[in-house]
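It should be emphasised that the depicted structure is a prediction, and the values quoted were computed from it without experimental measurement.
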Amino acid sequence: DHASRRRHLWDQHRFDIGGADQITGGAGAEEGVGKSSCWRKMEMIHGNTLPSSSIHHVDESSATYRIESSITELEELYVELSESVAQILLLQNNGDPRTDAEETVWAHIQALELSSLEVYTEGQEQLGNDRHLLLIPCLRLHLDASDLVLKDPQLLSKFRIKLLCRMVSSATKLLELQRSFYGCDHFDVARTALDVAQAIEELLGRAPKQLVQVDLEGRAMKTFEAWSALEHECRKDSERIQAMYPRDVEQRILGTTSLAK
């Protein structure tokens, strides 16, 4: 968040940001000023206040600190559960009953999915800014946790459909925030656009009635055609962005290293 970045910049470079002299975003081009203004709005709390700098004091009671700490804890739990799921799926044999330990892992994953949504909702309320940058990792975590839940081979169809509807809602919100913060060509935008497209695609095939009931906060999405168009739009945008990035980066790096030797 803003306060943490100010502390890191000060520790590393003895440079502070966010002062009144930086509101205009510098003397760059109009696009740069506009982007700076957009970023600044995404750091505001309750509309018009920046978090206090943590250069000399970390305010552990602040909303940004509490939310960032909650996200970090849940992200660490996500990593642990991801490793457990990979092990379970690797060793499982079709038809074998689950062990108590495996049941516990899947239960914790479902709890993580719901907890990440709770952090997002709580973050909106405490920050007073529906476009705050800290909501990006909240929503990303929800999608990652949801992906883990979907790997459960015994997940009932009705629960899968409800989860996919929640994923569509989170992914569309995240996509809008990422485009504002990163720009329209960032690889994270491509990933989220693909998440939107894949979730919509499955719901169009399995539960179109439930899909049209998903609220996208202001967008009129009450027809099969509207959702199909959004799915196509997001998939094409993901493909467009991915085409901008080379897929043989590792080979290029290794090749460059070999030539250097």
Side-chain angles (χ1 to χ4, degrees), residues 30-31 34-35 37-39 41-42 110 112-114 116-121 123-124 127 129-153 155-247:
E30 182 178 345
E31 181 180 353
K35 198 65 179 175
S37 176
C38 178
W39 288 337
K41 290 177 181 177
M42 295 184 75
Q110 293 177 12
L112 174 62
E113 183 261 326
L114 296 176
S116 60
L117 264 187
E118 290 176 0
V119 172
Y120 169 74
T121 303
Q124 282 183 304
L127 296 168
N129 182 356
D130 290 344
R131 299 182 62 80
H132 197 281
L133 61 88
L134 274 181
L135 300 179
I136 293 177
C138 292
L139 292 168
R140 184 67 259 171
L141 177 61
H142 178 245
L143 293 178
D144 290 340
S146 298
D147 282 336
L148 277 187
V149 177
L150 291 176
K151 291 182 179 181
D152 183 355
L155 183 66
L156 296 178
S157 178
K158 63 179 181 179
F159 294 131
R160 184 181 185 89
I161 291 170
K162 290 180 180 179
L163 176 59
L164 286 167
C165 289
R166 293 196 293 273
M167 290 180 70
V168 169
S169 178
S170 290
T172 51
K173 293 173 183 175
L174 176 60
L175 188 58
E176 183 179 353
L177 290 174
Q178 287 178 327
R179 283 171 173 164
S180 296
F181 190 72
Y182 298 126
C184 293
D185 299 329
H186 195 279
F187 200 81
D188 283 356
V189 174
R191 179 187 177 193
T192 304
L194 185 59
D195 287 337
V196 175
Q198 290 177 335
I200 292 176
E201 180 184 33
E202 184 168 348
L203 286 169
L204 283 171
R206 298 177 58 137
K209 291 183 179 180
Q210 287 88 333
L211 176 60
V212 297
Q213 294 175 6
V214 175
D215 182 13
L216 293 191
E217 298 183 355
R219 294 186 65 173
M221 302 290 293
K222 296 301 181 182
T223 65
F224 182 95
E225 290 76 15
W227 283 103
S228 182
L230 179 59
E231 184 273 333
H232 178 77
E233 173 192 322
C234 289
R235 190 176 299 278
K236 287 299 181 182
D237 197 38
S238 178
E239 293 172 355
R240 177 189 65 80
I241 298 171
Q242 291 185 57
M244 298 172 63
Y245 295 84
R247 300 189 178 185

Reported CG-to-CG distance for the pair Leu141 and Leu112, which is rounded to 0.5 angstrom: 5.5 Å
Donor-acceptor under 3.5 Å (Ser238 side chain, Cys234 main chain): no
All side chain to side chain contact (heavy atoms under 4.5 Å, CB included) counterparts of Asn129, not counting sequence neighbours: Met44, Arg131, His132
From OG1 (Thr172) to CG (Leu230), nearest 0.5 Å: 7.5 Å
Residues in salt bridge (Lys or Arg N to Asp or Glu O under 4.0 Å) contact with Glu202, at least two apart in sequence or another chain: Arg160, Arg206
Taking every non-hydrogen atom, the tightest pair across Gly123 and Leu135: C-CD2, 4.1 Å
Let me check something: any side-chain donor-acceptor pairs from residues 193-200 under 3.5 Å, sequence neighbours excluded? List them with distances.
unit_1: Asp195; atom_1: OD2; unit_2: Arg140; atom_2: NH1; d: 3.1
unit_1: Asp195; atom_1: OD2; unit_2: Arg140; atom_2: NH2; d: 2.9

Non-neighbouring partners of Ala226 that pass side chain to side chain contact (heavy atoms under 4.5 Å, CB included), sequence neighbours left out: Met221, Thr223
Please report, to 0.1 Å, the donor-acceptor pairs under 3.5 Å made by any side chain of residues 163-170, with sequence neighbours excluded.
unit_1: Arg166; atom_1: NE; unit_2: Glu113; atom_2: OE2; d: 2.9
unit_1: Arg166; atom_1: NH2; unit_2: Glu113; atom_2: OE1; d: 3.1
unit_1: Ser170; atom_1: OG; unit_2: His142; atom_2: ND1; d: 2.8
unit_1: Ser170; atom_1: OG; unit_2: Arg166; atom_2: O; d: 3.3

Gln178 and its side chain to side chain contact (heavy atoms under 4.5 Å, CB included) partner, picked from Leu133, Leu139, Val189: Val189
Salt bridge (charged side-chain N to carboxylate O under 4.0 Å, His left out) evaluation trace for Asp237 with Arg179: CA-CA 12 Å; Asp237 197 38; Arg179 283 171 173 164; 3.0 Å; yes
salt_bridge(Glu231, Arg235) N-O dist < 4.0 Å: yes
NZ/NE/NH1/NH2 to OD/OE distance under 4.0 Å, Lys222 and Asp215: no
From CA spacing to verdict: side chain to side chain contact (heavy atoms under 4.5 Å, CB included), Asp185, Arg240: CA-CA 9 Å; Asp185 299 329; Arg240 177 189 65 80; 2.7 Å; yes
Side chain to side chain contact (heavy atoms under 4.5 Å, CB included) partners for Gln213, two or more places apart: none
For Trp227 against Val212, the heavy-atom pair lying closest together: NE1-CA, 3.4 Å
Check ion pair Asp130-Lys173 (N to O, under 4.0 angstrom): no
Phe187 to Tyr245 - nearest heavy-atom pair and separation: N-OH, 3.4 Å
Interatomic distance, Ser146 atom OG to Asp144 atom CG [nearest 0.5 angstrom]: 8.5 Å
Intermediate values then yes/no, side chain to side chain contact (heavy atoms under 4.5 Å, CB included), Leu134 and Met42: CA-CA 8 Å; Leu134 274 181; Met42 295 184 75; over 6 Å; no
